[in-house]
Novice: 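Got a structure for you, written out below as structure tokens; questions coming shortly.
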Amino acid sequence: MSFLTVENVYKSYENNLVLERLNLTVEQGEFISMVGASGCGKSTFLNMLLGQESPSKGKITLENKILIQEPDENRGIVFQKYSVFPHLTVLNNVMIADEFTQAKWLGWSKGKTKKAIKHKAQNFIDAVGLTEAMNKYPHELSGGMQQRLAIAQALMKSPKILLLDEPFGALDPGIRADMHKLIHDLWRKNNLTIFMVTHDIKEGFSLGSRLWVFDKVRHDPQAPNAYGAQITFDLSLKTDDCKVNAKTTINNMGQK
Ligand SMILES: Nc1ncnc2c1ncn2[C@@H]1O[C@H](COP(=O)(O)OP(=O)(O)OP(=O)(O)O)[C@@H](O)[C@H]1O
Ligand SMILES: [Mg+2]
């Protein structure tokens, strides 16, 4: 049984069919890059994986169980524009991810527990390169720093799945390269399964172990919302040979 399965999933909003006939299986530890035209349903798909939206038809299972339709700790998400808590410092923004969980079961943490949470948070803050900014507030950080804070916050819960919705879109090239290395290392170290939406096909190729292209193949000019996007290409990027083949496929697609 696969880690995640998507069986005949459709998603519509009222009479707007956004996604149709999605059938996919994903194994733990894959890094899936997702590309496609604006408005074709990539974020909608991530929202279904997160449990913020449910399929209109079909089902998604995670480790053999129907995905619960509310966010849980198995799934962390980082958006392009992430709203961290404005009134908390970097350190407290990261700590709070764990403190909420503790509070739910054991009451607000103090003493040893709090120290352990702080230690864990500091490690993630170091890992994303925010050590110097530990005591700053979000409004004092650049966009890239806020994004790194959001990643540290998501990782604090040790999620099995990380959902990245154009996480690096707003960053300048140098910082972007650093973030790529960071995400790649975190993926390898933590055996994460990552779904990343990107508009940068190069980024998709270099980071992913698999690439999905979302596209609308059926069109009815009389009824533009009658058909949804599907995954038209599902390409392995595991080896250099795979990447070369995938690039050829994408180039040919562009020439059609
Ligand atoms: N909550 C919602 N209610 C109604 N329609 C929605 C909702 N969320 C998304 N849609 C519609 O679904 C379609 C797909 O939107 P989505 O945000 O998933 O696209 P996307 O591929 O992520 O685009 P982009 O690349 O611009 O981020 C759009 O037509 C959008 O208007
Ligand atoms: Mg989107």
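Every number for a ligand or one of its atoms is a count from 1 in the order of the listing.
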Novice: Which atoms of ligand 1 are found less than 4.0 Å from any heavy atom of Thr44?
Specialist: 9 (C), 14 (C), 15 (O), 16 (P), 18 (O)
Novice: When you measure from the side chain of Lys136 to the backbone N and O of Thr89, does any donor-acceptor pair fall under 3.5 Å?
Specialist: no
Novice: Looking only at protein heavy atoms, identify the closest one to atom 17 (O) of ligand 1 and say how far it is in Å.
Specialist: Ser43 CB, 3.8 Å
Novice: Which atoms from ligand 1 have a heavy atom of Glu166 less than 4.0 Å away?
Specialist: 25 (O), 27 (O)
Novice: Of all the atoms in Thr44, is at least one N, O or S atom closer to the Mg ion (ligand 2) than 2.8 Å?
Specialist: no
Novice: Quick check: Gly39 and ligand 1, any N/O pair under 3.5 Å apart?
Specialist: yes
Novice: Just which atoms of ligand 1 are under 4.0 Å from any heavy atom in Asn16?
Specialist: 29 (O)
Novice: What protein heavy atom lies closest to atom 25 (O) of ligand 1? Include the residue and the distance to one decimal.
Specialist: Lys42 NZ, 2.8 Å
Novice: Looking at atom 12 (O) of ligand 1, what's its closest protein heavy atom, distance included?
Specialist: Val18 CG2, 3.3 Å
Novice: Identify the residue among Val84, Val90, Ile151 that makes a side chain to side chain contact (heavy atoms under 4.5 Å, CB included) with Gln146.
Specialist: Val84
Novice: Which protein heavy atom lies closest to atom 3 (N) of ligand 1, and at what distance to 0.1 Å?
Specialist: Tyr13 CD2, 3.4 Å
Novice: Counting only heavy atoms on the protein side, is anything nearer than 4.0 Å to atom 31 (O) of ligand 1?
Specialist: no
Novice: What atoms of ligand 1 come within less than 4.0 Å of a heavy atom belonging to His199?
Specialist: 25 (O)
Novice: List the closest protein heavy-atom neighbour of atom 26 (O) of ligand 1: residue, atom name, distance to the nearest 0.1 Å.
Specialist: Ser38 OG, 2.5 Å
Novice: Judged by modelled atom types alone, do Glu30 and Thr193 share a side-chain donor-acceptor pair under 3.5 Å?
Specialist: no
